[in-house]
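Below is one structure, written out as structure tokens, with a few remarks after it.
Whatever order the structure lists ligands and atoms in, that order sets their numbers, starting from 1. Note that the structure is predicted; figures quoted are calculated from it, not measured.
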Amino acid sequence: MRSRVSSMAAGSSVEWLKSVKAVVLDMCGVLYDSAEGGGQAIAGSAEAVRRLMDSGVTVRFCTNETQNTRERFLQKLRVMGFDISVSHVFSPAPALIHILKERGLRPHLLVHDDLLPEFDGVDMSSPNCVVIGDAADNFSYQNLNEAFRVLIGLEKPLLFSLGQGRYYKETDGLKLDVGVFMKALEYACDVQAEVVGKPSAEFFQTVLSDMKLQPHEVVMIGDDLLNDVGGAQRCGMKGLQVRTGKYRPSDEQHPSVRADAYVDDLAAAVNAILTDH
Ligand SMILES: *[C@@H]1O[C@H](CO)[C@@H](O)[C@H](O)[C@H]1NC(C)=O
Ligand SMILES: *[C@@H]1O[C@H](CO)[C@@H](O)[C@H](O)[C@H]1NC(C)=O
Ligand SMILES: [Mg+2]
């Protein structure tokens with residue numbers, strides 16, 4: 001039988017897992033599999049999250065979700081058995097709002113209608129930058145063209161993108177993701193977007209600052225080798241890949257990114273972390 005937890009280098013142990021002070025969890029593909037109108041919890045993951053939180057290990061969540069406010073997103077997760085507080089969830093929109101405030105920027109938004117409440121209280125008068133997110137059905141020609149007009153009309157066109165995925169899968173098929181539309185605006189205005197979200201170091205850094213921990217004390221657990229594991233490792237965190245969600249066996253032979261450990265699922269990861277903790 002294959003061992004439930006295997007570390008990358010043959011023979012080396014995953015002892016380090018027992019001494020981590022904090023765990024940062026990716027959500028889609030680790031906690032649940034997405035489906036139209038909600039999703040389904042991955043077996044054992046809700047209990048695993050509960051055990052982890054009860055153990056006193058610091059837990060944060062890191063997602064690239066940009067179609068919903070965090071509140072709405074967490075309501076869906078509650079139905080699946082996860083009890084997570086909004087202040088523990090890091091998603092691109094709040095990280096971007098932090099950047100906008102720091103730099104005195106006023107955005108023109110091209111985002112999903114359901115994400116708009118995250119921007120309550122943000123000054124959007126006479127915009128001096130454009131923000132694009134996964135707007136899905138709100139990516140109409142008219143909305144795209146309006147964002148284009150604002151962007152090209154700026155003295156120094158400034159474009160932010162909430163993620164840069166090419167496409168994703170929902171139950172009714174593949175969907176174009178925000179990166180495609182980001183490229184269109186980049187092309188039209190000859191600019192390069194600043195991407196906010198995984199795998200950017202700035203994004204992971206906001207989570208580390210919130211926990212007030214050093215990167216080596218923290219492990220990121222995700223199903224996406226490049227964005228979760230690779231991104232976290234570049235910040236000095238450990239990166240663990242679960243064999244759920246978008247994981248593919250070929251990830252374990254990737255030429256440039258190697259997880260510090262590969263684990264069957266979140267429940268197995270939590271077992272390894274909590275042994276003798
Ligand atoms: C966004 O899409 C929804 C659903 O198709 C639509 O009702 C709404 O008017 C759109 N909003 C904008 C700003 O395009
Ligand atoms: C972002 O989220 C979508 C689901 O909304 C997922 O399919 C996609 O792979 C994610 N991209 C990254 C970079 O994590
Ligand atoms: Mg994921």
Side chains of D260 and Q233: donor-acceptor distance under 3.5 Å anywhere? yes

Under a 3.5 Å cutoff, is there a donor and acceptor pairing between the side chains of Y247 and E252? yes

Heavy atom of the protein closest to [atom] (residue, atom name, distance):
| atom | result |
| --- | --- |
| atom 14 (O) of ligand 1 | N143 ND2, 2.9 Å |
| atom 5 (O) of ligand 1 | D137 CB, 4.1 Å |
| atom 9 (O) of ligand 1 | D113 OD2, 4.1 Å |

Given the protein's heavy atoms, is any one of them under 4.0 Å from atom 7 (O) of ligand 1? no

I would like to know whether I273 and V20 meet side chain to side chain contact (heavy atoms under 4.5 Å, CB included); could you show each step before the answer? CA-CA 8 Å; I273 292 166; V20 296; 4.1 Å; yes

Nearest to the Mg ion (ligand 3) - the N/O/S atom of D223, by atom name: OD1

Taking the N/O/S atoms of D26 one by one, which is nearest to the Mg ion (ligand 3)? OD2

Do V24 and L240 sit in the same hydrophobic cluster, where Ile, Leu, Val, Met, Phe, Trp and Tyr count as joined when their side-chain heavy atoms come under 4.5 Å apart? no

Could an N or O of ligand 1 be found under 3.5 Å from any N or O of N138, whether backbone or side chain? yes

Distance (rounded to the nearest 0.5 Å) between D177 CG and F139 CZ: 8.0 Å

I97 CD1 to E118 CD distance, which is reported to the nearest 0.5 Å: 6.0 Å

